[in-house]
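For reference, the structure is listed below as structure tokens.
On a predicted model such as this, the values are computed, not experimentally measured, just so you know.
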Amino acid sequence: TSTPVTGPTATPTTAPTATVGPTPPPGTHVDNPYVGAKGYINPDWAAEVRAGATAKGGTLGAKEALVANYSTALWLDSMAAISGTNGYPRSLAGHLDAAVAQSTGGQPVVIQLVIYDLPGRDCAALASNGEIPNTAAGLSTYQHSYIDPIAATINQAKYSNLRVVAIIEPDSLPNLVTNTNIAACATAQSNGNYVQGVQYALNKLHAISNVYNYVDIGHDGWLGWSSNFTPSVTLIANTIKGATAGVNSVDGFISDTANYTPVTEPLMTANQNVGGNPVRSEVPFYQWNVYIDEQSYDIDWRNAMISAGFPSTIGMLIDTSRDGWGGPARPTVASTSTDLVTFVNATKIDQRIGRGNWCNQPGGIGARPVASPATGFDAYVWIKPPGESDGSSSLIPPGPQNPGGKGFDRMCDPTYGGNALNNNLPSGAMANAPVSGAWFQAGFDTLVANAFPSL
């Protein structure tokens with residue numbers, strides 16, 4: 001259903017302190033890796049945050065400095081990220097060593113790793129094109145030169161007390177449902193490399209007892225229509241069932257890493273009637289999508305997976321790093337208009353031009369990382385580190401400003417008028433953005449200024 005459930009829109013900054021029963025021995029695979037753990041703070045990203053805050057100065061700079069105190073994920077978006085070469089400030093082992101060093105008083109540390117280098121990665125976009133060709137040889141490279149070294153690095157005794165959360169291949173499997181009209185996605189569907197790559201990653205990582213796998217499910221503004229939701233559940237469920245440990249290969253699912261959709265729309269519901277029509281029927285923003293927020297989408301996804309045979313212990317994660325939508329433009333009361341378009345535009349907290357807009361949107365930092373924020377949710381997390389660009393706003397050729405040769409996606413261009421994926425609306429992207437993953441100070445300023453709750 002699309003009925004929102006009650007749950008917090010503002011969460012505390014630390015995990016709940018209450019525990020049930022004795023603390024499990026270090027390294028034990030627990031139901032929720034975030035409970036009782038402290039989040040790993042990436043020293044390199046935190047240094048960028050502090051440098052940006054110092055440069056900004058003033059009241060906003062003081063708020064920006066606080067962001068460095070929160071845990072974010074480490075993106076393993078190339079083979080060089082594992083070894084710490086080609087401009088990466090440290091290796092995977094270096095980060096794991098730092099995570100061990102951050103453990104104090106026996107409290108476990110949870111470190112989040114984004115597994116993100118499938119053959120032909122990002123088949124429907126260009127901002128994060130991968131390095132591995134979508135061929136049989138490319139699949140072998142992914143398995144043996146990317147996944148195997150990650151697993152071998154994690155699976156060392158000195159890291160056995162860490163809780164390692166693996167975020168499995170954002171955007172990949174959803175593209176096989178909705179974007180096969182794009183040639184690169186059609187290839188990924190026909191040759192099976194996405195499915196086989198995900199299964200291989202699940203097999204290798206699940207075999208390590210202190211690893212927790214969460215598979216990406218896009219977001220509600222992408223898969224929320226029944227015509228997308230149902231086949232996505234089928235594809236992702238069958239992919240996981242095809243892994244060696246089947247439904248037990250995963251600890252849950254994650255949404256909103258690829259977008260800016262709010263956890264809840266606090267002032268209206270999807271099926272609320274305005275002027276004789278439900279809110280979700282409004283065009284061009286909702287376009288009859290079943291959902292208008294992430295939380296209701298995730299609840300239904302979890303229930304669908306349990307119905308498909310997954311254990312009831314699976315938990316959901318929402319990436320809240322950019323979905324806060326605070327600041328002076330945030331509505332505080334619902335509109336009284338009986339015109340549906342007017343009502344939605346004046347009532348929704350999501351200030352994007354279109355829900356298909358994903359690149360460098362003028363959003364705000366959302367709920368702080370926290371364990372068990374609502375029933376069925378393992379955590380709110382920051383997977384996309386605030387301050388890192390989604391993609392370049394103009395074409396940047398390979399070189400010092402684009403060492404990985406990442407592509408230029410027009411959805412990151414503020415002058416772009418859009419395409420079918422965002423209902424041909426303006427991109428709404430911020431100007432002067434660098435390539436994906438690079439520090440974007442103006443974007444960071446915006447995210448902090450619009451944070452909700454305020455920092």
**Prompt:** So, for S226 and P231, which heavy atoms are closest and what is the spacing to 0.1 Å?
**Reply:**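 Result for this residue pair: O-CD, 3.8 Å.
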
**Request:** In sequence, state the C-alpha distance, the side-chain angles, and the governing distance for R355 and D220, and then conclude on salt bridge (Lys or Arg N to Asp or Glu O under 4.0 Å).
**Result:** CA-CA 9 Å; R355 295 186 93 202; D220 77 282; 2.4 Å; yes

**Message:** Would R322 pass as a cation-pi partner of Y260, given that its NZ or CZ must be under 6.0 Å from the six-membered ring centre and within 45 degrees of the axis?
**Reply:**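 Flagged: R322 positioned over aromatic ring of Y260.
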
**Asked** Between Y212 and H29, is the gap from one ring center to the other below 6.0 Å?
**Response**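 When the ring centroids of Y212 and H29 are compared, they turn out to be within the sub-6.0 Å range.
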
**Asked** Can the ring centroids of W439 and F444 be said to lie less than 6.0 angstrom from one another?
**Response**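 Ring centroids of W439 and F444 are less than 6.0 Å from each other.
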
**Asked** Is the backbone N or O of S296 less than 3.5 Å from a side-chain atom of D293, with the two atoms forming a donor-acceptor pair by type?
**Response**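 Confirmed, D293 side chain pairs with S296 backbone.
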
**Message:** Checking the side chain of N203 only, and the main-chain atoms of T244 only, is there a donor and an acceptor separated by less than 3.5 Å?
**Reply:**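 Yes, N203 side chain to T244 backbone: donor-acceptor pair under 3.5 Å.
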
**Asked** Is Q107 atom CD crowded by more than 12 heavy atoms from other residues, nucleotides or ligands, each under 6.0 Å away?
**Response**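 Enclosed: over 12 neighbouring heavy atoms sit under 6.0 Å from CD of Q107.
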
Taking atom types as modelled, is there a side-chain donor on [X] or [Y] under 3.5 Å from an acceptor on the other?
X    : Y    : answer
N42  : T72  : no
Y416 : N357 : no
D77  : Y88  : yes
N134 : N193 : yes
S255 : E294 : yes
S71  : W382 : no

**Item:** Trace of the side-chain contact (heavy atoms from CB on, under 4.5 Å) decision for Y40 with V110
**Value:** CA-CA 6 Å; Y40 171 64; V110 58; over 6 Å; no

With a 4.0 Å cut-off, would you call [X] and [Y] a salt bridge?
X    : Y    : answer
K384 : D390 : yes
R352 : D350 : yes
D97  : K158 : yes
R121 : D117 : yes

**Prompt:** Relative to the ring of Y116, is the ring of W75 parallel (under 30°), tilted (30 to 60°) or perpendicular (over 60°)?
**Reply:**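 Correct class here is perpendicular.
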
**Prompt:** Which class fits the ring pair Y380 and F377: parallel under 30°, tilted 30 to 60°, perpendicular over 60°?
**Reply:**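 Answer is perpendicular, since the angle exceeds 60°.
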
**Prompt:** Which is it for M430 and T446 under the side-chain contact (heavy atoms from CB on, under 4.5 Å) test, yes or no, and what are the steps along the way?
**Reply:** CA-CA 10 Å; M430 287 179 270; T446 300; 3.8 Å; yes

**Message:** For a side-chain contact (heavy atoms from CB on, under 4.5 Å) check, start with the C-alpha distance between L205 and I154, then their side-chain angles and the critical distance, and finish with the verdict.
**Reply:** CA-CA 9 Å; L205 296 172; I154 298 170; 4.2 Å; yes

**Request:** Please tell me if the side chains of I240 and F253 come closer than 4.5 Å, counting only heavy atoms from C-beta onward.
**Result:**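 In short, these two side chains touch, coming nearer than 4.5 Å.
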
**Request:** Using a 4.5 Å cut-off on heavy atoms from C-beta on, say whether the side chain of K406 contacts that of N402.
**Result:**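 With C-beta onward as the side chain, the pair touches.
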
**Request:** Apply the test side-chain contact (heavy atoms from CB on, under 4.5 Å) to residues D216 and I168: give CA-CA distance (whole Å), side-chain angles for both, the deciding distance (0.1 Å), then the verdict.
**Result:** CA-CA 6 Å; D216 179 79; I168 305 297; over 6 Å; no

